[in-house]
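Each ligand, and each atom within it, is numbered from 1 in the order the structure gives. Residue indices begin at 1 and follow the sequence shown. Just so we're clear, the structure is a prediction, and the values are computed from it rather than from any experiment.
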Amino acid sequence: MKFYIRTYGCQMNERDSEAAASALIASGHEMVHDEKMADILLFNTCSVREHAERKALGKVGILIKLKKKKPDIIIGVLGCMAQRLKEKIIEDIPHVDFVAGTDQFHRLPEIVASIILKRKHVVAVDADSEIIENLSGHIHSDNQISAFVSVMRGCNRFCSYCIVPYVRGREKSRGRKEIIEEAKKLVGSGIREILLLGQNIAAYGLEGRGQATEESPFAELLEELCRIDGLLRIRFASPHPQYFNEKLIDAVATLPKICKNVHLPLQSGSDRILKLMNRHYTAEKYLSIVNDLRSKVPEITFSTDIIIGFPTETEEDFNASRTLMKAADFDNAYIFKYSTRSGTKAAEMKDDVPQPVKDERNQILLADLAEMTERHNKAIVGSTLEVLVEGVSKRNSERWCGRSDSNSVVVFDPVPGIKIGDLVKLKITRATTMTLFGE
Ligand code: 5AD
Ligand code: SF4
């Protein structure tokens with residue numbers, strides 16, 4: 001049958017969708033990119049903020065008309081929201097045929113087969129720690145040079161605002177051998193850049209060994225991956241600052257294939273709020289990681305996640321976030337307005353920062369960020385960057401584009417002999433807030 005899959009939320013969800021699609025294709029189904037063509041509609045959902053859930057529920061809700069017209073169509077809700085709301089999704093939206101939670105992606109072919117046969121609702125939300133080794137399928141186009149590789153799943157951190165540990169369960173790392181094999185296979189099929197994924201990735205291989213340690217099995221994994229011939233670049237997301245120890249700092253600083261662009265979620269610059277968030281570091285500690293890496297690799301860039309309007313956040317707390325953002329001199333930041341997630345520790349506190357205040361703080365940080373990005377991009381003009389060629393630019397088919405080590409898009413006029421997947425040196429001639437232009 002023809003299936004269509006829509007993904008909401010993070011890169012881990014994108015990766016799960018890809019692996020699920022690959023399992024469905026292996027069992028004889030065909031993936032389509034137009035939902036009107038599909039016999040099976042799948043929605044891989046996100047629960048991290050209420051808005052993300054509302055979007056997916058709204059989309060699935062309006063499919064009632066389609067289901068009346070095409071009663072045989074199969075509708076499935078997958079992933080984090082399926083795990084959180086379980087059978088309640090079917091109770092509220094009975095035209096949904098099945099829900100499959102975060103540990104059930106590898107069972108999709110079986111679930112779909114049972115619905116075709118029995119036409120009965122299925123709710124599959126059990127935990128299954130084996131899933132991580134059962135989700136290695138990839139699908140990519142011939143021209144694709146970058147791929148996701150999941151190295152661990154779940155999270156043991158329980159940051160007080162976060163639903164992830166409840167919907168994705170405890171940390172589970174994949175075997176190093178399996179990860180290396182998957183990476184080698186990808187490189188063999190033309191992939192040049194790998195983005196390693198894990199909710200608490202820097203805690204890779206540390207399951208059950210408490211909080212931060214001096215060891216870093218993740219740094220060892222990076223070292224081993226760097227030895228793969230033909231693999232040009234490695235990125236990773238997202239590390240928790242508590243596990244960014246000396247070993248990992250050294251690995252990032254010294255291994256040439258590791259991109260010198262680190263996404264390090266800050267969440268808040270106020271020690272009082274960080275404590276309430278259960279983050280286990282101070283603003284000073286966060287900055288010391290950034291400064292340590294900068295002293296070793298001056299050209300390194302950082303991006304981050306910040307939550308504004310966490311319960312009890314005062315003007316002073318907010319200003320501490322603002323000050324830290326400037327001190328860390330981020331290249332990019334994802335700014336989120338706090339959203340209460342029921343069942344989390346923070347949900348016991350009153351969501352007391354008024355919406356207009358959250359909106360205002362959001363605007364202030366966005367303006368600060370725009371100012372930082374513009375300054376960084378202007379400073380790059382005149383320098384030479386190494387760019388991994390991705391192909392024709394989306395905006396202008398006469399031009400090509402690629403990404404710098406620090407993840408900036410660089411647009412350039414192609415010259416004969418350059419191929420997708422090449423690393424080329426480009427002199428940056430012009431910059432806008434979003435794009436660099438090179439030759
Ligand atoms: N409200 C707002 N933002 C959140 N995030 C996680 N939980 C919440 C929440 N309840 C943000 C964090 C995290 C990113 C993926 O989403 O900043 O790093
Ligand atoms: Fe959520 Fe914290 Fe785990 Fe990140 S480290 S997934 S914010 S609980």
Side-chain angles (χ1 to χ4, degrees), residues 8-16 45-55 79-81 83-84 102 150-173 197-204 206-207 210-212 218 236-244 262-270 273-281 286 302-313 318 321 324-325 330 332-353 355 357-359 361-362 365-366 369:
Y8 298 86
C10 65
Q11 291 166 321
M12 184 65 94
N13 272 12
E14 283 179 44
R15 172 70 198 115
D16 282 348
T45 58
C46 170
S47 276
V48 86
R49 281 168 293 275
E50 196 190 341
H51 177 68
E53 287 198 346
R54 255 194 272 132
K55 230 165 64 184
C80 293
M81 190 176 70
Q83 193 67 43
R84 196 175 87 80
T102 46
S150 144
V151 304
M152 55 90 68
R153 287 172 85 84
C155 185
N156 293 357
R157 298 293 321 176
F158 289 92
C159 300
S160 65
Y161 49 82
C162 186
I163 196 75
V164 167
Y166 303 89
V167 291
R168 284 198 171 258
R170 295 296 67 74
E171 287 166 12
K172 176 87 173 88
S173 296
L197 297 177
Q199 264 87 28
N200 185 12
I201 197 162
Y204 170 79
L206 288 174
E207 281 105 302
Q211 305 239 326
F218 182 58
F236 59 89
S238 286
H240 185 292
Q242 229 204 343
Y243 300 85
F244 227 109
V262 172
H263 183 73
L264 189 61
L266 164 66
Q267 312 302 0
S268 171
S270 150
I273 296 290
L274 284 171
K275 202 159 189 180
L276 287 174
M277 286 177 163
N278 195 28
R279 289 290 287 180
H280 290 270
Y281 55 82
Y286 182 95
F302 292 91
S303 60
T304 200
D305 291 346
I306 290 181
I307 297 177
I308 42 160
F310 184 85
T312 76
E313 186 187 71
F318 169 69
S321 292
L324 203 140
M325 252 182 95
F330 293 118
N332 198 6
Y334 300 91
I335 301 160
F336 304 106
K337 294 176 207 163
Y338 172 72
S339 159
T340 308
R341 305 285 55 217
S342 102
T344 61
K345 194 83 188 126
E348 292 165 19
M349 301 173 78
K350 189 162 169 262
D351 182 9
D352 61 353
V353 179
Q355 194 59 38
V357 175
K358 286 184 186 165
D359 292 340
R361 291 180 183 169
N362 186 33
L365 290 193
L366 285 173
L369 183 67

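Residues Leu365 and Met325 come closest through the heavy atom pair CD2-SD, 3.8 Å.
When atom types are taken as modelled, the side chain of Arg153 and the backbone of Thr102 share a donor-acceptor pair closer than 3.5 angstrom. Of the possible donor and acceptor atoms, none in the side chain of Ser268 sits under 3.5 Å from a partner among the backbone N and O of Ile273. In this structure, the side chain of Arg341 engages the main chain of Ser47 through a donor-acceptor pair within 3.5 Å.
Side-chain contact check for Gln242 versus Arg279: every heavy-atom pair is 4.5 Å or farther apart. Residues Val357 and Phe318 are not in side-chain contact: their nearest non-hydrogen atoms beyond the backbone lie 4.5 Å or more apart. Looking at Pro241 and Leu264, their side chains come closer than 4.5 Å, going by heavy atoms from C-beta outward. Between Val151 and Phe236, every side-chain heavy-atom pair lies at or beyond the 4.5 Å cut-off.
Close approach of ligand 1 to Gln267 is summarised as follows: ligand atoms under 4.0 Å from at least one heavy atom of the residue are 12 (C), 13 (C), 17 (O), 18 (O). Interface of Arg341 with ligand 1, defined as ligand atoms under 4.0 Å from a residue heavy atom, comprises 10 (N). Taking every heavy atom of Ile307 and a limit of under 4.0 angstrom, the matching atoms of ligand 1 come to 3 (N), 4 (C), 5 (N), 12 (C), 17 (O). Ligand 1 places these atoms under 4.0 Å from at least one heavy atom of Arg49: 1 (N), 2 (C), 3 (N), 4 (C), 5 (N), 11 (C), 16 (O).
Scanning the protein heavy atoms around atom 7 (N) of ligand 1, the nearest turns out to be Tyr161 CD1, 3.3 Å. Summary of contacts: the protein heavy atom closest to atom 2 (C) of ligand 1 is Lys337 O, 3.4 Å. The protein atom (non-hydrogen) at minimum distance from atom 1 (N) of ligand 1 is Ser339 N, 3.0 Å.
Distances from atom 13 (C) of ligand 1 to the heavy atoms of Asp305, Val164, Val48, Ile306 show the closest one on Asp305.
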Derivation and outcome, side-chain hydrogen bond (donor to acceptor under 3.5 Å, both in side chains), residues His263 and Asn332: CA-CA 9 Å; His263 183 73; Asn332 198 6; over 6 Å; no

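Of all the heavy atoms of Phe336, the ones lying under 4.0 Å from any atom of ligand 1 belong exclusively to the side chain.
A salt bridge links Asp351 with Lys358; the closest basic N to acidic carboxylate O contact falls under 4.0 Å.
Using modelled atom types, one finds no donor on one side chain facing an acceptor on the other under 3.5 Å when comparing Ser270 with Glu313.
For ligand 2, the 4.0 Å heavy-atom shell takes in Cys155, Arg157, Phe158, Cys159, Tyr161, Cys162, Val164, Pro165, His240, Arg279, ordered by chain and residue number.
Not one N or O of Tyr338 is nearer than 3.5 Å to an N or O of ligand 1, by distance alone.
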